[in-house]
Amino acid sequence: MAVAVAELRGVPVAELADRLDRLGGPEASRPSVARSATGTFPDLPGAERGKVVLRLAPFPNGVLHIGHGRLLYVHDHYRQQYDGRILLVFDDTIGSDEKRAEPEFFDLIQGDCELAGVRPDAVYYKSDRIPSHYPWARRVIEHGGAYVCRCPPDLLRENRAAGRACPERSQGPTEALEGWEKMLANVYGPGEAVLRLRTDLAEPDPAFRDRVLFRISDQAHPRVGTKYRVWPMLEFSWAVDDVELGVTHVLRGKELVIEDRMQRFVWDLLGIRGPPFLHWGLLRVREAKVAKSKANREVRSGAYDGWADPRTWSLRSLDRRGISMESLRAFILSFGMSLTDIDVPAESLYAENRKRIDAIALRRAFVSAPVRVDVAGYPLDRGEVTLPNHPDRPELGERTVAGGPSFYLARPDAEAHAGEEVRLKDLVNVRLPPAPWPAGIPVSAEFTSRENRRLPRLQWVGTADSVPVDVLQIDGTHLAGVGDRSLRTALPREIFQFERVGFVRVDSAPPAPSGPLRVVYAHP
RNA sequence: GCUCCCGUAGUCUAGUCCGGUCAAGGAUCCGGGGCCUUCGACCCCGUAACGCGGGUUCGAAUCCCGCCGGGAGCACCA
């Protein structure tokens, strides 16, 4: 058994490594394979290789964010393990006033799946499947499992908490069927009647008492408009669709366990054997407190820079920052199917990503808040210098950049060493003048020596040829600075390490002709 | 309040089902050192955990009981 588990655990890691190798390009030749610990995934009960059908069911009211990563990669993990299929089923029932499906997200979410590397084998829309739900409702009613309740929502809630029956609860199937037909025949307006499951008033869990199965809404749906007024609730719709779509295993977060009971209750009533359920626990990435409604609002108002704004922590934003989806996958899979409440810092994701990009990111010099420093006595032969693109990988080539005698230094960095001798990294040693350094006036420094000594090291950019750079940071603010001239040939989406600053990715948006090079900060 | 779930180092995880091989493994973070002219990488070293209390047993992270703590659900949302 122990051996079997060990083998099982070994598989995904190896597959991940293969996958990375097959990507080609610089990643294929990187010196070492990134290895990460994978959490445990139990076998799917009764699963047969090649016959597993899973379903992803996002609600289309926002793009997929980091939290959806678990949904995506847990499903994909099992798809790979069992050579199964993943159905993307848009959970687009009519929602509520606070939570409504919106048209643009159908395509955006499919794009997100693609981006994440979790391509669904088929796509369904719940809104196309409403008619097939009605016969199921009828069957449940005929089995005495449901009744039409006309209590106002507040009263319904009160009664549920108190375990009190509402007057209509005693309806027999015939009467309930009549009520149901009236619902379908537009006799009632929104909020005037619902179809409720008849569980047990003595049911100890108040959350489970006589849940609503169908309700009436006049809202227009982004895909089917006002074609339907009687809409199923999530639990009932899955009781239907998990069976009709042939789903073999339902994987969901543990906040949805009560939906399991609801589905089973319906299936038991109708004598159907449905698929088993598996759950994972809550995952919270500390820095990514995503309020979907706020993000949507800010994107729409233009306050955020689109769906890939770093503040949204959307999958798109991670990609834009240069955080690879394979890193996200490894990060997510490290949690396994744990039911624990996870509160993990983004640093863990960054560590995972660093393993993958450190070997391929070319090094570049970048200086923020530049202050000009003129060096007296600067050696003439150092007007240009050639530096390696990567300190550990000569095969990645080198670049030639402008040297002195005039430099930009990062003001806070340099000012901290005012009056001291410092080393301009990879170049020469200079003595900086004492503070203060008035703004707007070049600082006069003095050449001291060339040899590499253990002095504080400063990043520099030669003023003779520099490139203005704008860094979009994780909090949405911008950092202005200059980079070395080799950045002039930077390609969209290219990933660099700004030495002593961190990893960045060149933005894919076409740059303004005269504007700075736009990059997005990933992590240290 | 009711119902369910979860508690292994700062964080995440392996081990718990089937008690001994666990004086608890890995990752990350943190600290120290080495090395490459980065605050990054790599190498070496180090700190650090079985929520608490009982019980069963020769032996408990693992089984039993009782607490305590955390989370989720209690929508005509998903």
Side-chain angles (χ1 to χ4, degrees), chain A residues 1-2 5-6 9 31-32 35-40 42 57-61 91-101 126 149 151-154 156-157 160-161 163 190-196 203-209 211-217 231 233-235 237-238 252-261 279 281-284 286 330-331 334-336 338-345 347-352 354-355 357-359 361 363 365 387-388 390-393 413 423-427 451-455 457-459 497-503 523-524:
Chain A
M1 181 61 189
V5 170
R9 274 211 302 269
S32 63
R35 289 193 77 84
S36 314
T38 304
T40 44
F59 185 70
N61 71 335
D91 218 344
D92 61 333
T93 51
I94 198 63
S96 65
D97 286 338
E98 307 85 61
K99 199 165 187 175
R100 314 181 55 156
K126 200 132 250 188
C149 174
C151 297
D154 290 348
L156 191 156
R157 199 173 306 133
R160 168 146 54 214
E192 286 180 8
V194 294
L195 185 70
R196 292 177 71 182
E203 164 59 43
D205 183 355
F208 193 68
R209 292 175 194 146
R211 301 267 291 204
V212 171
L213 263 25
F214 284 84
R215 85 291 203 177
I216 297 169
S217 173
W231 288 87
M233 303 294 288
L234 170 139
E235 304 89 331
S237 77
W238 283 117
R252 49 167 62 138
K254 73 173 179 182
E255 72 276 12
L256 259 27
V257 283
I258 196 163
E259 330 302 354
D260 302 7
R261 284 197 69 194
H279 301 93
L282 257 57
L283 169 63
R284 195 172 76 107
R286 225 165 279 165
F331 170 71
S334 75
F335 307 128
S338 140
L339 259 356
T340 315
D341 303 314
I342 298 171
D343 182 29
V344 65
E347 177 58 43
S348 293
L349 172 62
Y350 299 160
E352 202 61 62
R354 215 177 277 123
K355 288 179 193 167
I357 64 172
D358 183 74
R363 269 51 175 176
L387 302 170
H390 194 292
D392 308 321
R393 304 189 64 198
D413 207 9
R423 173 124 185 119
L424 302 184
K425 188 172 175 297
D426 302 308
L427 197 61
E451 83 281 5
N452 178 25
R453 281 192 282 138
R454 289 220 157 262
L455 295 169
R457 298 206 167 91
L458 296 188
Q459 210 65 41
Q497 188 202 53
F498 283 173
E499 287 188 308
R500 302 178 66 243
V501 174
F503 294 93
H523 53 76

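Chain A is the first sequence line, chain B the second, and so forth, proteins listed ahead of strands; every chain is numbered from 1.
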Nearest-Å distance once atom P is located in both B/G31 and B/G40 = 10 Å
Side-chain donor/acceptor of A/R157 to backbone N/O of A/A161, under 3.5 Å | no
In whole Å, what separates the C1' atom of B/A14 from that of B/U21?
-> 16 Å
Spacing of A/I342 atom CD1 relative to B/G10 atom C1', expressed in whole Å = 16 Å
A/A351 side chain: which of B/U13, B/A78, B/U28 is closest?
-> B/U28
Hey, does A/P391 reach any base, or is it just sugar-phosphate, or nothing, if we go heavy atoms under 4.0 Å?
-> base
Are there more than 12 heavy atoms of other residues, nucleotides or ligands under 6.0 Å from atom CZ of A/R453?
-> yes
Complementary nucleotide for B/G31 - Watson-Crick or wobble, under 3.5 Å | B/C45
Could you go over nucleotides 71-76 of chain B and give all protein N or O partners under 3.5 Å, atom names and distances?
from: B/G71; atom 1: O4'; to: A/D341; atom 2: OD2; distance (Å): 3.3
from: B/G71; atom 1: O2'; to: A/D341; atom 2: OD1; distance (Å): 3.4
from: B/G73; atom 1: N2; to: A/D205; atom 2: OD1; distance (Å): 3.3
from: B/C76; atom 1: OP2; to: A/R160; atom 2: NH2; distance (Å): 3.0
from: B/C76; atom 1: N3; to: A/G191; atom 2: O; distance (Å): 3.3
from: B/C76; atom 1: N4; to: A/C151; atom 2: O; distance (Å): 2.9
from: B/C76; atom 1: N4; to: A/G191; atom 2: O; distance (Å): 2.8

Separation of the C1' atoms in B/U62 and B/U56, to the nearest angstrom = 14 Å
Figure out the CD/C1' separation between A/E352 and B/C29, and round it to whole Å.
-> 14 Å
How are the rings of A/Y350 and A/H523 set relative to one another: parallel (under 30°), tilted (30 to 60°) or perpendicular (over 60°)?
-> parallel
Remember a base hit wins even if backbone is also touched, and classify A/D343 as base, sugar-phosphate or nothing at under 4.0 Å, heavy atoms.
-> sugar-phosphate
Return the nucleotide paired to B/G1: Watson-Crick means purine N1 to pyrimidine N3 with N6-O4 or O6-N4, wobble means G-U with N1-O2 and O6-N3, both under 3.5 Å.
-> B/C74
Is the base of B/U38 touched by the side chain of A/Q497 through a donor-acceptor pair closer than 3.5 angstrom?
-> yes
What distance, rounded to whole Å, do you find between the two P atoms, one in B/C50 and one in B/C43?
-> 30 Å
Mark yes or no for whether A/R354, through its side chain, and A/P524, through its backbone, hold a donor-acceptor pair below 3.5 Å.
-> yes
Using whole Å, report how far CZ of A/R209 lies from P of B/G1.
-> 16 Å
Between B/C6, B/A78, B/U37, which one does the side chain of A/L339 approach most closely?
-> B/C6
Select base, sugar-phosphate, or nothing to describe what A/R100 touches, counting heavy atoms under 4.0 Å on all strands.
-> nothing
Expressed in whole Å, how much space separates the C1' atoms belonging to B/A9 and B/A49?
-> 4 Å
Under 4.0 angstrom, heavy atoms only, what part of the nucleic acid is A/D91 near: base, sugar-phosphate, or nothing?
-> sugar-phosphate
Remember a base hit wins even if backbone is also touched, and classify A/R286 as base, sugar-phosphate or nothing at under 4.0 Å, heavy atoms.
-> sugar-phosphate
Ignoring backbone atoms, establish whether A/R457 has a side-chain N or O less than 4.0 Å from OP1 or OP2 of B/U37.
-> no
Nearest whole angstrom, please: distance from the P of B/C29 to the CZ of A/F331.
-> 13 Å
Spell out yes or no: do the side chain of A/E259 and the base of B/A78 have one donor N/O and one acceptor N/O closer than 3.5 Å?
-> yes
Find the distance A/K355:NZ to B/G26:C1' and express it as a whole number of Å.
-> 10 Å
Would you kindly check whether a donor in the side chain of A/R423 faces an acceptor in the base of B/U37, or vice versa, at under 3.5 angstrom?
-> yes
Can you check whether A/S338 has a side-chain N or O nearer than 4.0 Å to OP1 or OP2 of B/U13?
-> yes
Could you check which nucleotide pairs with B/G25 in any of the strands shown, counting Watson-Crick or G-U wobble with both distances under 3.5 Å?
-> B/U13
With the side chain counted from C-beta on, respond yes when A/M233 and A/T93 share a heavy-atom pair under 4.5 Å apart, and no when they do not.
-> no
May I ask you to say whether A/E235 pairs ionically with A/R211, meaning some side-chain N is under 4.0 Å from a carboxylate O?
-> yes
May I ask you to decide whether A/E203 forms a salt bridge with A/R160, counting only side-chain N to carboxylate O separations under 4.0 Å?
-> no
Sidechain N-carboxylate O distance under 4.0 Å for A/D358, A/R393 = no
Under 3.5 Å, is there a donor-acceptor pair between the side chain of A/R252 and the main chain of A/V257?
-> no
Tell which nucleotide pairs with B/U62, taking only Watson-Crick or G-U wobble pairs whose two distances are both under 3.5 angstrom.
-> none
Could you say whether A/T340 or A/L427 is positioned toward the 5' end of RNA chain B, judged by the nucleotide with the nearest heavy atom to each?
-> A/T340
Would you mind pulling out the nucleotide paired to B/G7, Watson-Crick or G-U wobble, both distances under 3.5 Å?
-> B/C68
A/R363 atom CZ is separated from B/U37 atom P, nearest whole Å, by 14 Å
Measure the distance from CG on A/D358 to C1' on B/A41 and round it to the nearest whole Å.
-> 5 Å
Distance below 4.0 Å between A/T40 side-chain N/O and B/A14 OP1 or OP2 | yes
